[in-house]
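Reviewing the structure listed below.
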Amino acid sequence: MITYNERGLLNMEEVNSCKTAIENCERTRTFSIAHLYKEEKAMDMHIHDCYELYYSISGGKQFLIDNRFYPISPGDLFIINQYESHKLTQIDNSVHERIVLSIYPDFVKRISTPDTDLDYCFSNRDIHFQHKVSLDKATQRRFLYYISKITSARGYAHDIVEQAAFMELLVMINTLSDANAAENSVSDYKYSQQVDDILVYINQNIGQNITVEQLAANFFLSESYICRIFKQATGTTINKYITARRISIAKAHLNDGDSVGVAFEKSGFGDYSSFFKAFTKAVGVSPKKYANLSVS
């Protein structure tokens, strides 16, 4: 939430909704922080134009990010960029306390320097990259210290204090992410070998026509069984997952300056009408308008 103090200066405060944090981020073109204690309605596989840092305080649940599963433990931090579809799975009735930062990508680029690329943890996706970084107790305290410093800044120079603390936070995360990638050439995200193989197949063939019938035949499974194990593992359906991945790919092409026609062709939708409707529903604007916004 953005509020004004008695001198008319902007203050940043924690909000209690991811949706509100994303809206604040997009409006201010900086970043916003949500501290969540209770459940919001679980979303299907989704994408948004903000970077996301998801820090779990109480643990629980499981993250599906693109084609990777990650169990969530207390102190786990997840780094998600604007092209990566994601969803929390394994929903239960326990309370899950977490802190979620929504970050405007161009803001991170603006505060980077020629020698220090603060955007690296969001843009680097080499074969060793892991979305999850498990923080030790000392690093958890540092993370929470920076969050507290950002949200408690008031009065004179509060904006400088907020930005300085945010930059220090990103320096810490980039350092940890880089070290984590070096140490983890073997991923621990596999949940079910069958579902993992299905996810890999979908992502390798996302530009082609993929149906449940085709997947079932390819893996020698019945259609009802493959739908059931996929939903149990991911919390979403095969078709919804495929649509979310294709929209992520289309967004990436449009952000790179490709035409709407190229984005449609590369994303794997069967016809333009389906592409237009799915993209507009998920992103909130048409592909053409999104492309114009990306270059403006």
Side-chain angles (χ1 to χ4, degrees), residues 1-3 5 7 9-16 18 20-22 24-36 48-58 72-82 84 97-126 128-184:
M1 181 178 185
I2 306 298
T3 61
N5 63 20
R7 298 181 61 193
L9 299 174
L10 282 170
N11 288 331
M12 179 173 292
E13 296 181 352
E14 294 174 333
V15 298
N16 56 11
C18 282
T20 303
I22 292 171
N24 285 347
C25 170
E26 292 176 342
R27 184 177 67 253
T28 64
R29 299 196 170 195
T30 55
F31 67 98
S32 184
I33 300 173
H35 192 164
L36 309 174
H48 39 68
D49 289 333
C50 301
Y51 293 154
E52 180 175 314
L53 293 175
Y54 181 107
Y55 173 73
S56 176
I57 296 174
S58 60
I72 305 176
S73 299
D76 283 347
L77 176 71
F78 294 87
I79 305 167
I80 305 168
N81 69 28
Q82 77 273 43
E84 292 167 329
E97 185 179 0
R98 64 267 192 215
I99 293 172
V100 181
L101 282 79
S102 298
I103 305 166
Y104 200 72
D106 285 348
F107 177 65
V108 181
K109 295 178 177 67
R110 289 200 306 269
I111 61 177
S112 296
T113 71
D115 292 330
T116 306
D117 180 12
L118 295 175
D119 192 63
Y120 183 75
C121 63
F122 298 107
S123 59
N124 171 48
R125 292 297 183 267
D126 64 24
H128 300 307
F129 175 79
Q130 297 285 291
H131 295 93
K132 181 173 82 171
V133 180
S134 297
L135 309 185
D136 60 27
K137 293 296 184 182
T139 312
Q140 291 176 40
R141 288 192 292 270
R142 281 183 64 199
F143 178 90
L144 295 174
Y145 165 76
Y146 290 132
I147 297 297
S148 175
K149 193 170 183 179
I150 293 167
T151 56
S152 63
R154 295 292 183 274
Y156 177 74
H158 72 88
D159 53 339
I160 295 176
V161 172
E162 288 173 1
Q163 182 164 311
F166 179 71
M167 292 172 73
E168 287 189 78
L169 176 63
L170 286 186
V171 169
M172 182 188 80
I173 291 172
N174 274 280
T175 303
L176 292 170
S177 177
D178 197 37
N180 190 60
E183 294 173 3
N184 292 283

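In this text, all values refer to a predicted model and were calculated from it rather than measured experimentally. Every heavy atom of this structure was used, including side-chain atoms; hydrogens, water molecules and symmetry mates were not. Positions are given from 1 along the sequence.
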Is there a side-chain contact between [X] and [Y], using heavy atoms and a 4.5 Å cut-off?
{"X": "Ile173", "Y": "Val133", "answer": "no"}
{"X": "Tyr146", "Y": "Arg142", "answer": "yes"}
{"X": "Leu169", "Y": "Ile147", "answer": "yes"}
{"X": "Ser102", "Y": "Asn24", "answer": "no"}
{"X": "Arg29", "Y": "Asp106", "answer": "no"}

**Prompt:** Just checking, is any N or O donor in the side chain of Ser177 or Asn174 under 3.5 Å from an acceptor N or O on the other one?
**Reply:** no

Taking ring pair (Phe, Tyr, Trp, His ring centres under 6.0 Å) as the definition, give me every residue that meets it alongside [X], ordered by chain and number, with sequence neighbours left out.
{"X": "Phe166", "answer": "Phe31, Phe107"}
{"X": "His48", "answer": "His46, His86"}
{"X": "Tyr104", "answer": "none"}
{"X": "Tyr55", "answer": "Phe143"}

side-chain hydrogen bond (donor to acceptor under 3.5 Å, both in side chains) with [X]: which residues, sequence neighbours excluded?
{"X": "Asp76", "value": "Ser134"}
{"X": "Ser148", "value": "none"}
{"X": "Tyr54", "value": "none"}
{"X": "Asp115", "value": "none"}

First locate atom [atom1] of [X], then atom [atom2] of [Y], and finally report the distance between them rounded to the nearest 0.5 Å.
{"X": "Ile160", "Y": "Met167", "atom1": "CD1", "atom2": "CE", "answer": "11.5 Å"}
{"X": "Cys121", "Y": "Leu170", "atom1": "SG", "atom2": "CG", "answer": "6.0 Å"}
{"X": "Arg98", "Y": "His35", "atom1": "CZ", "atom2": "NE2", "answer": "9.5 Å"}
{"X": "Ile79", "Y": "Asn124", "atom1": "CD1", "atom2": "CG", "answer": "10.0 Å"}
{"X": "Cys50", "Y": "Ile80", "atom1": "SG", "atom2": "CD1", "answer": "12.0 Å"}
{"X": "Ile72", "Y": "Leu77", "atom1": "CD1", "atom2": "CG", "answer": "11.5 Å"}

Side chain [X], main chain [Y], donor-acceptor under 3.5 Å:
{"X": "Ser112", "Y": "Leu118", "answer": "yes"}
{"X": "Ser58", "Y": "Glu97", "answer": "yes"}
{"X": "Gln140", "Y": "Leu135", "answer": "yes"}
{"X": "Ser123", "Y": "Asp119", "answer": "yes"}

**Request:** Heavy atoms only: give me the nearest Cys25-Ile103 pair and the separation to one decimal.
**Result:** SG-C, 3.4 Å

**Request:** Kindly write out the residues that satisfy salt bridge (Lys or Arg N to Asp or Glu O under 4.0 Å) with Arg125, not counting sequence neighbours, or none if the list is empty.
**Result:** Glu84

**Asked** Who pairs with Lys149 by salt bridge (Lys or Arg N to Asp or Glu O under 4.0 Å), at least two apart in sequence or on another chain?
**Response** none

